[in-house]
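Note that the structure is predicted; figures quoted are calculated from it, not measured. Throughout, numbering of the chain's residues begins at 1 and tracks the sequence.
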Amino acid sequence: MKLVELVFSPTGGTQRVADRLVAGWKVAAERFDLSDRAFDGGRVVLSPEDVCLVAVPSFGGRVPAVAVERLAGVAGNGATAVAVAVYGNRAYEDTLLELKQTLQQAGFRCRAAVAAVAEHSIMHIYAKGRPDEEDLAELDRFAAQICEAVAADRIGDEVQVPGNFPYKAYGVIPLKPHATLQCEGCGLCARRCPVGAIPEEDPKGLDEGKCISCMRCVSLCPRHARSLPQQVVEQMTDRMRQACDGRKPNTCFLAPVR
């Protein structure tokens with residue numbers, strides 16, 4: 001059995017969740033970055049005996065469209081897939097269902113799924129510091145449950161997860177992070193942007209039509225020279241207070257044995 005990890009994690013929260021779950025297998029994983037513009041699905045070689053954990057953030061209750069496009073280039077070849085949706089303490093809505101169906105279309109057997117909470121990438125007061133120690137302990141339990149079920153073959157081939165089809169409309173957040181006067185044009189954000197929205201020849205620029213508001217450029221800038229308008233973020237935070245209030249749960253789903 002080979003263990004493979006496919007992750008789209010612009011700001012690191014999804015990666016942390018995925019790495020914790022993968023650690024439960026206690027074998028080295030082959031890792032692929034779905035946020036890398038050079039990602040080549042043909043390099044992911046799988047067989048029916050393999051396990052592939054695929055983790056994405058929930059963008060407005062959906063899988064990021066670019067992640068769906070890149071996963072379509074992976075041949076599952078009957079491998080076991082564990083679908084993971086990471087959300088910022090609001091709701092993941094159709095994300096898990098869309099990810100599961102995307103993986104099935106790519107030839108995976110989607111046999112388990114996890115919904116997990118990480119700090120919101122824009123409104124940081126929501127789920128601040130998560131996954132925390134309580135979350136990590138719960139993720140360890142989820143990983144053990146999935147590993148044991150797969151190893152003993154006490155699991156079906158199609159996990160049932162929440163969500164609706166047709167999926168909710170895919171809405172890109174209208175907030176676009178722009179360079180500030182602190183920008184020195186180092187180009188790090190341009191090189192690491194998942195969709196090439198920042199021109200490498202002009203790192204202070206932005207193609208708003210390409211930008212998916214993933215906040216990678218904001219999170220990795222060494223000079224904190226990309227940002228959103230603070231007043232707009234505060235207004236958005238206030239509007240989302242009721243939906244994001246309280247401690248939202250992590251959940252594990254296993255396919256029933258038929």
- Task: Group every Ile, Leu, Val, Met, Phe, Trp and Tyr by side-chain heavy-atom contacts under 4.5 Å, then state whether V68 and Y167 land in the same group.
- Result: no
- Message: Would you say that F165 contacts L97 through its side chain, given a criterion of any heavy-atom pair below 4.5 Å between the two side chains?
- Response: yes
- Message: Can you tell me how far apart CG (D33) and CG (L6) are? Round to the nearest 0.5 Å.
- Response: 10.0 Å
- Query: When clusters are formed by joining ILVMFWY residues with side-chain heavy atoms under 4.5 Å apart, either directly or through shared neighbours, do L71 and V195 land in the same one?
  - Reply: yes
- Task: For the pair R223 (side chain) and Q182 (backbone), establish whether a donor and an acceptor sit closer than 3.5 Å, ignoring hydrogens and angles.
- Result: yes
- Do E158 and K100 have side chains that get closer than 4.5 Å, going by heavy atoms? yes
- Here the gap from F253 atom CZ to F142 atom CZ, rounded to the nearest 0.5 Å, amounts to 9.0 Å
- Considering only heavy atoms from C-beta outward, does the side chain of F108 approach that of V74 to under 4.5 Å? yes
- Validation row: V7, R31 side chains within 4.5 angstrom (heavy atoms): no
- Item | Cluster link V232 to I122, ILVMFWY, side chain under 4.5 Å | yes
- Answer yes or no: is there a donor N or O on one side and an acceptor on the other, between the side chain of R20 and the main chain of D140, under 3.5 Å? no
- Atom pair SG/CD1 of C193 and I198 - distance to nearest 0.5 Å: 5.0 Å
- Does the salt bridge (charged side-chain N to carboxylate O under 4.0 Å, His left out) test come out yes or no for R43 and D40, once each step is laid out? CA-CA 6 Å; R43 294 179 55 235; D40 178 5; 5.6 Å; no
- Minimum heavy-atom distance I155-A149, with the two atoms named: CG2-O, 3.8 Å
- Item | Short side-chain to backbone donor-acceptor contact, Y126 and A243, under 3.5 Å | no
- Task: With the side chain counted from C-beta on, respond yes when E30 and E5 share a heavy-atom pair under 4.5 Å apart, and no when they do not.
- Result: no
- Out of curiosity, M123 CE to R241 CZ, how far, rounded to the nearest 0.5 Å? 10.0 Å
- Message: Can you tell me how far apart OG (S219) and NE2 (H224) are? Round to the nearest 0.5 Å.
- Response: 10.5 Å
- Note on the structure: Tightest non-hydrogen contact, residues H120 and H124, listed as O-ND1, 3.1 Å
- Item | Under 3.5 Å: donor-acceptor pair, side chain of D207, backbone of G196 | no
- For D135, enumerate each residue passing the side-chain hydrogen bond (donor to acceptor under 3.5 Å, both in side chains) test, keeping only those at least two apart in sequence or located in another chain. R130, R247, N250
- Identify the two heavy atoms, one from A127 and one from A118, that lie closest to each other, and give their separation to 0.1 Å. CB-O, 3.6 Å
- Message: Hydrophobic clustering (ILVMFWY, side-chain heavy atoms < 4.5 Å, transitive) - are M240 and V218 grouped together?
- Response: yes
- Message: For R111 and D153: C-alpha separation, side-chain torsions, deciding distance, then whether salt bridge (charged side-chain N to carboxylate O under 4.0 Å, His left out) applies.
- Response: CA-CA 11 Å; R111 308 176 77 190; D153 202 27; 3.2 Å; yes
- Message: Between C211 and L206, does the side chain to side chain contact (heavy atoms under 4.5 Å, CB included) criterion hold? Intermediate values first, please.
- Response: CA-CA 8 Å; C211 177; L206 179 70; 4.1 Å; yes
- Query: Is a donor on one side and an acceptor on the other found under 3.5 Å between the side chain of R216 and the backbone of P194?
  - Reply: no
- Message: Working note: V84 + V54, criterion side chain to side chain contact (heavy atoms under 4.5 Å, CB included); need CA distance, chi angles, decisive distance, verdict.
- Response: CA-CA 6 Å; V84 180; V54 184; over 6 Å; no
- Message: Assess the residue pair L96 and Y87 against the criterion (side chain to side chain contact (heavy atoms under 4.5 Å, CB included)); give the C-alpha distance rounded to whole Å, side-chain angles, the decisive distance to 0.1 Å, and a yes or no.
- Response: CA-CA 11 Å; L96 265 187; Y87 69 109; over 6 Å; no
- Do K2 side-chain atoms and D50 backbone N/O form a donor-acceptor pair below 3.5 Å? no
- Query: Between N89 and G246, which heavy-atom pair has the shortest distance, and what is it?
  - Reply: ND2-O, 2.7 Å
- Task: Determine whether V150 and V159 fall in the same hydrophobic cluster, where Ile, Leu, Val, Met, Phe, Trp and Tyr are linked whenever their side-chain heavy atoms lie under 4.5 Å apart.
- Result: no
- Message: Evaluate T180 against R226 for side-chain hydrogen bond (donor to acceptor under 3.5 Å, both in side chains), listing each step before the verdict.
- Response: CA-CA 6 Å; T180 67; R226 277 197 177 259; over 6 Å; no
- Query: Have T95 and S58 got a donor and an acceptor in their side chains that come within less than 3.5 Å?
  - Reply: yes
- Atom of R37, atom of R192 and distance for their closest heavy-atom approach: NH1-C, 4.4 Å
- Message: Any side-chain to backbone donor/acceptor pair from R62 onto D94? Under 3.5 Å, distance only.
- Response: no
- Student check: side-chain heavy atoms of L21 and L53 closer than 4.5 Å: yes
- Using the side chain to side chain contact (heavy atoms under 4.5 Å, CB included) rule, take L188 and C221 through it: C-alpha gap first, then chi angles, then the decisive distance, then the call. CA-CA 7 Å; L188 177 62; C221 179; over 6 Å; no
- Task: Please check if the side chain of K210 supplies one atom and the backbone of A197 the other of a donor-acceptor pair under 3.5 Å.
- Result: no
- Query: How about L34 and F32: do any of their side-chain heavy atoms sit closer than 4.5 Å?
  - Reply: no
- Item | Polar side-chain atom of R109 near backbone of N77 as donor-acceptor pair, under 3.5 Å | no
- Message: Check whether S213 reaches the backbone of L175 with its side chain - one donor and one acceptor, N or O, closer than 3.5 Å.
- Response: yes
- Query: Are any of the side-chain nitrogens in K168 or E93 under 4.0 Å away from the carboxylate oxygens of its partner?
  - Reply: yes
- Does a side-chain heavy-atom distance below 4.5 Å link V66 with I212? yes
- Message: If you compare all heavy atoms of L103 against all heavy atoms of C110, which two are closest, and at what distance to 0.1 Å?
- Response: CD1-SG, 4.2 Å
- Query: Would E98 and Y92 count as having a side-chain donor-acceptor pair, cut-off 3.5 Å?
  - Reply: no
- Message: Within this structure, what is the CD1-SG distance for the pair I146 and C252, rounded to the nearest 0.5 Å?
- Response: 4.0 Å
